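As a basis for the values below, the full set of heavy atoms in this structure was taken, side chains included, without hydrogen atoms, waters or symmetry mates. All residue numbers refer to positions in the sequence shown, counting from 1. Just so you know, ligand 1 is whichever comes first in the structure, and atom 1 is the first atom listed for that ligand. Keep in mind it's a predicted model, so treat the numbers as computed, not measured.
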Amino acid sequence: MQHRIVKKQYNSKLCFICGLKNGSGLQASFYETEGGELIATFTPSDEHQSYPGRLHGGIASAILDETIGRAILVGREEEIWGITIDLSLSYKKPIPLGVELKVVGRITEENSRFFHGTGEIVLPGGEVAVTGKGKYLKAPLDKIADFDRDAQEWAVVASERDPEIIDI
Ligand SMILES: CCCCCCCCCCCCCCCC(=O)SCCNC(=O)CCNC(=O)[C@H](O)C(C)(C)COP(=O)(O)OP(=O)(O)OC[C@H]1O[C@@H](n2cnc3c(N)ncnc32)[C@H](O)[C@@H]1OP(=O)(O)O
């Protein structure tokens, strides 16, 4: 299925998932789709392995967590921040290293205090490797972290690799 991309989301400096200067991290990119979902793209390296050649399950959990947690921002002008309070996953296929993976996230339920979402990590051939669902407590950013946007390099960083369409 083809997903038309309508917006790229912010990256940060040091977040393990989206920090562009975290040399050990995934340096993932996040794209909002016309259909109201969020798609993350990333390419895991040898540092992210569990058994040789296989992505660590904790890292798979982390990218799903952030993709679902960021899906609350899709299509909104205002920022809503979430703190993960419950996350469960089902690991269905091993995830290889050194290939680009896609992670899809969406919001399934929301009220004034919480939001819930689901997501999946998709292999290059289109098979779903991991599914997840999470519950997040909404909170103002200044209650979550001491966050200086400039110091954290919180910005949309355009790349020539940014796609207009993602095929999954
Ligand atoms: C700086 C640069 C950054 C840039 C980069 C960022 C990138 C953009 C990221 C965006 C994407 C985010 C995705 C990653 C987000 C994390 O990684 S967050 C980190 C992981 N999570 C945590 O550290 C949370 C740890 N837990 C806590 O701090 C505390 O439990 C909390 C969440 C503050 C709540 O504690 P509390 O205030 O004492 O509240 P409590 O009364 O226990 O619970 C409040 C309500 O939540 C419910 N609840 C609490 N825990 C649970 C649970 N486990 N299950 C179900 N319900 C629960 C309670 O039932 C209660 O509901 P009500 O009965 O009131 O209706």
Q: Side-chain contact test, heavy atoms from C-beta onward, threshold under 4.5 Å: evaluate it for Thr131 versus Val128 and give yes or no.
A: yes
Q) Quick one: does Tyr136's side chain have a donor or acceptor within less than 3.5 Å of a partner on Phe114's backbone? A) no
Per-pair distances, ligand 1 N/O vs protein N/O, less than 3.5 Å:
| from | atom 1 | to | atom 2 | distance (Å) |
| --- | --- | --- | --- | --- |
| ligand 1 | 21 (N) | Thr84 | O | 3.0 |
| ligand 1 | 53 (N) | Ile85 | O | 2.5 |
| ligand 1 | 56 (N) | Lys135 | NZ | 3.2 |
| ligand 1 | 64 (O) | Arg113 | NH1 | 3.2 |
| ligand 1 | 64 (O) | Arg113 | NH2 | 2.9 |
| ligand 1 | 65 (O) | Arg113 | NH1 | 3.0 |

Q. With sequence neighbours excluded, what pairs up with Tyr10 under the ring-ring contact (aromatic ring centres under 6.0 Å, His included) test?
A. Trp154
Q: Validate the cation-pi geometry between Lys138 and Phe115: distance from NZ or CZ to the six-membered ring centre under 6.0 Å, angle to the ring axis within 45°.
A: no
Q. Any Lys/Arg nitrogen of Arg76 or Glu110 sitting under 4.0 Å from an Asp/Glu carboxylate oxygen of the other?
A. yes
Q | Phe30 side chain near Cys18 side chain, heavy-atom distance below 4.5 Å | A | yes
